[in-house]
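None of these values were measured; they are calculated from a predicted model.
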Amino acid sequence: MNGERTHRPEWVEKERENEFATAYVKAAASASPKRWVKRKERSVKEYVEGVLNNDRTILAQAITLVESNAAKHMDIAQQVLNELLPHVGKSVRIGITGVPGAGKSTFIEAFGTFLCERGHRVAVLAVDPSSSLTGGSILGDKTRMETLARHPRAFIRPSPSGGTLGGVHRKTRETMMLCEAAGYDIILVETVGVGQSEFVVRSMVDFFLMLVLTGAGDELQGMKRGIMELTDAIVINKADGDNKPKALAAQKEYNQFLHYLRPATPGWETKAYTCSALLGEGIEEIWRVIEKFVETTKRSGVFDMRRRHQQKDWIYSMIKDYLETSFFSHPAVKEKLPIIENNVISGRQSVTSAVRELIQVYESRES
Ligand SMILES: Nc1nc2c(ncn2[C@@H]2O[C@H](COP(=O)(O)OP(=O)(O)OP(=O)(O)O)[C@@H](O)[C@H]2O)c(=O)[nH]1
C-alpha cells in the first residue's frame, strides 16, 4: 500500500485523507496511474439516483457528503436526505458493543455473512469514540472482516483513519438513512464498550447486543449496571474448546443477574446466550432471538414508539451539536477562550463569570 501511495500527488493524498471522495478520481486507472483529474461534484439527483440504485461508489460518496461540515456540502446533503426520506426506516438496526478483544469484528464477520447468505443485505457502520480523541481507529476495519467485505450483499463503512478527520464526528444516523435508502435491510452499528458510546448507539438502534467474554463473576462486578440495562441480549463469545464449559457457567450467572435488572425494552426479557464467532456456532440462534424481538415489539407497538422517541432525541442532539460547533468556531470566542481559560486556571476569574463573559462575546458578535 505504501508503494502505491508514493505515486500520488500530495494534494490527492490530502483529499483522500479528507475522505471527501467527491474530489478526485484516478483517470483511466489502468492507462496511466499517474494521471489524476478533478471530478465535478455530483448533483442532488445523481446522489439520490445513485443511492436508490445501490451504486456503492455513490453511496460511499453520499456518506462522505453528509459527514462533511462544510456549509455547501451540508446544503446538498440535506436535499439528498430529504429526497430519500420516503425510502428510509425499513431496516432492522442492531447495535453491537463489547470491550476490545471480545470478538466484535469476528462476530460481525460471521453474523453478517450468515445474514447475507440468507438473502439479507447488510450494512456495517461504526461509532468510534476514539477516532478524534486518540487518533486511533479501531472499528469497522475492512481487513478484519474479509469475507463480509467481499460479499456483494454487504456494505462496510470503515471508520475514519487515525485522526485525519480532526473534529469531524460521524453522522451515523444520516449514514444509516442512506444505507436504508440503498436497500440494506439490516444495519449493524458497532461500537467499542468504553462507556459513553453505548448510550449513543442505544439511542439509534432497535436492538442492542453486548458481546462479553467468560469470567462473568469478575466482569459482572466491574460492569456498570447502567450498561447492562441498555442491552437486549448478552452474548458470551468464544464458547468453544476448553472455554465452552466456562461460557455455559457464565451464561447461567448472567441470567441470574439479569433477572434483577430493569429490561432495556418493555415487554422483552434480556437473556444471555453463548456463541463462537470463530466457528460460527450460536449465530443462527442469535438471529432467531432478534427476529422474535422484532416480531414481539412490533406487535406491542414498542418498536415504533422507540423509533419515534429516537427521532425526537435526534432533534435535541442535533441542536446541541449545532450550537456547540457554532460556539467554538466563532472567531471572537476562539480568540477569547485561551485568555479566559488562563484567568480561571490562575485563579483570577471564577468559572461562572468566565462562562458568562464568553457567552456574551458570542452573543454580541452574533447580532
Ligand atoms: N476461540 C475464539 N476466539 C475468538 C472468537 N471470536 C474472536 N476470537 C479471537 O479473539 C481475538 C479478538 O477478536 P476481534 O474480533 O478482533 O475482537 P474485537 O472485539 O473486534 O477487538 P478490538 O478490535 O480490540 O475491539 C482474535 O484473535 C479472534 O480470532 C471465538 O468465537 N472463539
Side-chain angles (χ1 to χ4, degrees), residues 91-105 107-108 111 124-130 138-140 169-170 172-173 175-176 186-213 215-237 250-251 253-275 277 286-287 289-294 296-298 300-314 316-317 320:
S91 73
V92 177
R93 305 164 181 171
I94 302 167
I96 296 170
T97 189
V99 293
K104 294 179 293 299
S105 309
F107 178 81
I108 291 173
F111 188 55
V124 181
L125 316 176
V127 170
D128 183 351
S130 74
I138 43 175
L139 301 164
H169 56 166
R170 318 222 78 194
T172 313
R173 287 182 176 95
T175 305
M176 211 144 70
I186 296 180
I187 316 275
L188 305 180
V189 185
E190 177 189 8
T191 192
V192 73
V194 293
Q196 201 52 31
S197 58
E198 278 103 337
F199 292 90
V200 174
V201 174
R202 172 75 268 188
S203 74
M204 55 177 81
V205 297
D206 307 310
F207 188 92
F208 193 55
L209 179 159
M210 178 159 62
L211 274 189
V212 297
L213 296 169
D218 309 337
E219 274 198 31
L220 278 172
Q221 306 219 333
M223 196 178 287
K224 285 195 200 99
R225 195 187 164 110
I227 304 280
M228 298 266 288
E229 282 182 340
L230 298 178
T231 59
D232 295 307
I234 291 192
V235 177
I236 300 143
N237 189 29
Q251 181 185 17
E253 279 187 65
Y254 271 108
N255 276 332
Q256 279 165 2
F257 189 69
L258 284 166
H259 200 64
Y260 296 102
L261 296 186
R262 194 177 43 194
T265 305
W268 177 256
E269 195 183 348
T270 301
K271 285 192 190 152
Y273 306 87
T274 60
C275 85
I286 292 162
W287 176 237
V289 169
I290 298 176
E291 279 185 317
K292 181 149 183 256
F293 173 93
V294 172
T296 311
T297 54
K298 280 200 169 163
S300 68
V302 166
F303 188 95
D304 290 332
M305 194 178 66
R306 172 175 272 149
R307 286 256 177 121
R308 282 198 297 274
H309 278 135
Q310 290 178 343
Q311 290 290 101
K312 208 171 81 180
D313 287 349
W314 188 6
Y316 292 97
S317 85
K320 278 191 213 147

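For Pro263 against Trp268, the heavy-atom pair with the smallest separation is CB-O, 3.3 Å. The minimum heavy-atom distance linking Ala272 with Gln251 is given by the pair O-NE2, 3.1 Å. Contact detail for Ser105 and Glu190: the closest heavy-atom pair is OG-OE2, 4.1 Å. When all heavy atoms of Gly98 and Lys104 are compared, the pair lying nearest together is O-NZ, 2.9 Å. Scanning all heavy atoms of the two residues, the minimum distance from Leu230 to Phe208 falls at O-CD2, 3.5 Å. Nearest heavy atom pair, residue Ala250 against residue Ile236, reads C-CD1, 3.8 Å.
Note: Met228 CE to Leu261 CG = 5.5 Å, rounded to the nearest 0.5 Å. Rounding to the nearest 0.5 angstrom, the gap separating the CZ atom in Phe107 from the CG atom in Leu209 is 5.0 Å. The distance from atom CZ of Phe207 to atom CZ of Arg202, rounded to the nearest 0.5 Å, is 8.5 Å.
For the pair Val200 and Thr191, the minimum side-chain heavy-atom distance is 4.5 Å or more. Contact annotation: the side chain of Phe303 never approaches that of Thr296 to less than 4.5 Å [non-hydrogen atoms, C-beta and beyond]. Counting only heavy atoms from C-beta outward, the side chains of Arg308 and Lys312 never approach each other to under 4.5 Å. No side-chain heavy atom of Ile94 sits less than 4.5 Å from a side-chain heavy atom of Val205. Proximity of Ile108 to Ile96: side-chain heavy atoms (C-beta onward) are separated by under 4.5 Å at one or more points. Looking at Val189 and Arg93, their side chains never come closer than 4.5 Å, going by heavy atoms from C-beta outward. Residues Ile186 and Phe111 are not in side-chain contact: their nearest non-hydrogen atoms beyond the backbone lie 4.5 Å or more apart.
Remark: the backbone N or O of Lys271 is not paired with any side-chain donor or acceptor of Asn255 at under 3.5 angstrom.
Ion pairing between a basic and an acidic side chain is recognised when a charged N comes within 4.0 Å of a carboxylate O; Asp206 and Arg306 show no such pairing.
Scanning for side-chain hydrogen bond (donor to acceptor under 3.5 Å, both in side chains) contacts around Trp287 gives Glu291, with sequence neighbours left out. Asn237 pairs by the side-chain hydrogen bond (donor to acceptor under 3.5 Å, both in side chains) definition with nothing, not counting sequence neighbours. Evaluation of the side-chain hydrogen bond (donor to acceptor under 3.5 Å, both in side chains) rule for Ser91 yields Glu180 as partners, not counting sequence neighbours.
Only one option out of Thr270, Thr265, Thr297 pairs with Asp232 in a side chain to side chain donor-acceptor pair (under 3.5 Å); it is Thr265.
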